[in-house]
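In what follows, a structure is listed as structure tokens, so that the remarks can point back to it.
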Amino acid sequence: MAMVKVPEQKVILCGEYGVGKSSIFRRFTNNTFVTATDRKSTLGLDNFDKIYRIGDRNIKLQLWDTGGMERVASITSSYYKFSEAAILVFSLDNPSSFHTLSQHLLDIVTYAETAKIFLCGNKTDLVTEPPQISDAEIESFCEQCHSLITNTYRISCKTNEGIEEMFTDIAYQLVNSNRARLELQSMEKHGFKITQSTEELSDDSCLC
Amino acid sequence: MDEEYDAIVLGTGLKECIISGMLSVSGKKVLHVDRNKYYGGESASICPLEELFTKFGANAPDESYGRGRDWNVDLIPKFLMANGSLVKLLIHTGVTRYLEFKSVEGSYVFKGGKIAKVPVDQKEALASDLMGMFEKRRFRNFLTYVQDFMQDDPKTWKDFDPTTQNMTALYEKFGLDKNTQDFTGHALALYRDDDYLNRPALDTITRIKLYSDSLAKYGKSPYLYPMYGLGELPQGFARLSAIYGGTYMLDKPIDEIVLGEGGRAVGVRSGNEIAKCKQIYCDPTYVPDRVRKKGKVIRCICLLDHPISNTKDALSTQIIIPQKQVGRNSDIYVSLVSHTHQVAAKGWFIGMVSTTVETDNPENEIKPGLDLLGPVRQKFVSVSDYYEPIDDGLQSQIFISQSYDATSHFESTCLDVLDIFKRGTGEEFDFSKIKRDLDLEEQ
């Protein structure tokens, strides 16, 4: 257990139901895409770790999906806790998913005050000419948010466009902003996770 | 809502959320409803602070309380035993990945008008000022006996049968005086009253072992407390239920439980909508005609701008006032958490005094606890009835949890949950059904 621990950076997905949060999650976890909502493929799984190498440093992005809680009820406030970054997702072919972003942004700044926020337009493959949501609209949204938005991306989970680039950039932004802070981090300030002890693990035969 | 479910769970308190999670994980189709707009019911942590003041009809807090959003105040105070059943449930279900904990700094017991650290190992027992010199040695022998005791190895029982002989007999075997018995039974075995003395000693031995095993886990005390308050616990289990397919609805009043043949529950009605189901799991507030009053609990939330005296300025602590010390039949519990747990603004502490009500003047009953806290900036008192179901639910298929009791930890909470699950599904909860993401990740 005495290995050098790569710091985990909790990254959460936020946005309306149906904008493709689980698709982004699925691309991140096993680089697949399904057209119909196949809940079974993510059943029981709501976060996934991946290590990115930025310069001379490793950083572990831990991406979290909502688990579909926003379908009818609200997401629990604990979803936001301890997150270092939030990806605010909207669908480029669905203006209403764009216009409700401010509500999700408010939730993020309320429950995850220190998280860096990234804006992500999904479904570039469905953009028409002229686009359903113009560049000017997106820009003016970012301006209204008083530079709360660190960066903006356009991706397509269907064609896999821009996804890896987005996560690499998020990793890069987090490394830069956290460099100083991570070194100051001490157990005194933070809580700890409870995990199973090695002794208990060893007498468990179904672990394979 | 107009769909058919295997089970409908009413209320998002901790017990109902654990049950909902366990049912979803077992493959059941679950609808989980709460009449409130927020998760947690009585087990929620109130945020912001203004809402707590409003809830108790007090004038809004002034600036000295800092930002209201930095507060998360529990309504029901409890700690987790580090090696207890809730921690085991958290680990087995993987809900532990949603939470972070801190160890509670100190565990104290009240004796002769002042507080003393609870001694748990032989070294501490010998240094403790709770006992005289000869008593210390007897207590040390007793602790050694308990530590070496193994239930499946009668050789370690040393000519004492803990399954038939009672705890009084075991105390007598070691010659422990009433005083030592008092803090052993109440501060180590965590009994609320003295009924345990006449029951087989095995349960008490198991409880003392739980205390010392819990202490061995993270040090300072056997207790853990989650960052951002206890309200994080029900939310974690709700999330577990959701990611295994459970459907959540908040802010949904329940007007009626729909009964079918033989008085069996077949659904619930909210306005014109009816959701069908085979079973209902709920807390007592959803079925007032199916529960009876068992007693009352008084809880007093105290906002302090200082730690408790004589606790080495601990940022979190628990103090147990054994019943006999203050001439009562049930113990008084004092707990303290603070800004270090992200439940209060910087420099602030939340003290909580609670006990089972025995008289017509409950506020007077908790006075010995309040006196230990010192000057209190703001005090909120609540006296709540404690309910239990009138039947086991097998006939009606309505399984009702008991209200949260005055105990200072979650052991009885977990026992109730596991018992309800067993009655409802006819089987013990199978922990192996849960994917072991956490462990895989660590390899």
Side-chain angles (χ1 to χ4, degrees), chain A residues 1 3 5-6 8 10 12 22 25 29 39-40 42-51 60 62 64-83 109-113 187-202 204-208, chain B residues 1 12 25 32-34 37-40 47 69 80 82 87-88 90-92 94 96-103 217-218 224-228 231-236 238-252 340-342 432 434-443:
Chain A
M1 288 272 174
M3 291 183 311
K5 203 170 176 289
V6 181
E8 278 164 10
K10 178 174 174 178
I12 54 173
S22 293
F25 184 70
T29 52
R39 296 265 296 147
K40 273 196 187 120
T42 51
L43 209 60
L45 183 66
D46 64 349
N47 70 85
F48 190 82
D49 289 353
K50 229 171 164 176
I51 292 179
K60 192 192 267 178
Q62 182 177 71
W64 287 68
D65 194 10
T66 59
M69 269 186 138
E70 77 282 18
R71 242 184 324 161
V72 258
S74 51
I75 298 175
T76 58
S77 59
S78 59
Y79 178 66
Y80 300 89
K81 303 272 165 67
F82 311 110
S83 53
V109 295
T110 306
Y111 299 120
E113 272 181 84
M187 279 301 284
E188 211 43 55
K189 182 100 185 23
H190 290 257
F192 53 84
K193 298 264 181 194
I194 46 173
T195 49
Q196 206 153 24
S197 70
T198 36
E199 166 201 10
E200 275 168 280
L201 271 174
S202 58
D204 192 334
S205 53
C206 70
L207 250 181
C208 44
Chain B
M1 184 167 183
T12 54
V25 164
H32 199 162
V33 187
D34 198 304
K37 269 184 272 192
Y38 54 90
Y39 291 92
C47 172
R69 265 181 28 220
L80 289 85
V87 166
K88 288 193 173 126
L90 285 166
I91 291 171
H92 282 287
T96 173
R97 66 178 175 261
Y98 307 135
L99 307 160
E100 284 188 11
F101 290 89
K102 277 197 169 180
S103 201
K217 281 238 141 139
Y218 301 105
L224 298 178
Y225 185 80
M227 302 291 280
Y228 297 104
E232 295 296 296
L233 295 166
Q235 294 190 43
R239 187 166 168 81
L240 174 77
S241 182
I243 63 168
Y244 276 91
T247 303
Y248 274 79
M249 283 185 192
L250 298 180
D251 200 10
K252 195 96 183 157
T340 187
H341 309 98
Q342 315 277 18
S432 68
I434 298 148
K435 283 189 201 164
R436 306 294 288 271
D437 305 324
L438 253 194
D439 305 335
L440 290 174
E441 188 183 295
E442 276 165 9
Q443 283 169 2

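Because only heavy atoms are used, hydrogens play no part in the values below, and waters and symmetry mates are left out as well, while side chains stay in.
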Exercise. Roughly how far apart are Ser77(A) OG and Tyr39(B) OH, rounded to 0.5 Å?
Worked result: 9.5 Å
Exercise. Taking atom CZ of Arg239(B) and atom OG of Ser78(A), what is their separation to the nearest 0.5 Å?
Worked result: 7.5 Å
Exercise. Are Tyr244(B) and Asp46(A) linked by a side-chain donor-acceptor pair shorter than 3.5 Å?
Worked result: no
Problem set entry | Portion of Leu250(B) that has a non-hydrogen atom of chain A nearer than 4.5 angstrom | both
For this session: With a 4.5 angstrom heavy-atom cut-off, could you sort out which part of Tyr218(B) is near chain A: side chain, backbone, both or neither?
Result: side chain
Exercise. So, Lys81(A) and Glu100(B), do they make that salt bridge, N to O below 4.0 Å?
Worked result: no
For this session: Indicate, with yes or no, if the rings of Tyr228(B) and Phe82(A) have centres closer together than 6.0 Å.
Result: yes
Seminar exercise, completed: Gln235(B) and Thr76(A) have their tightest heavy-atom pair at OE1-CB, 2.9 Å
For this session: State whether the number of non-hydrogen atoms from other residues, nucleotides or ligands found under 6.0 Å of Tyr111(A) atom OH is greater than 12.
Result: no
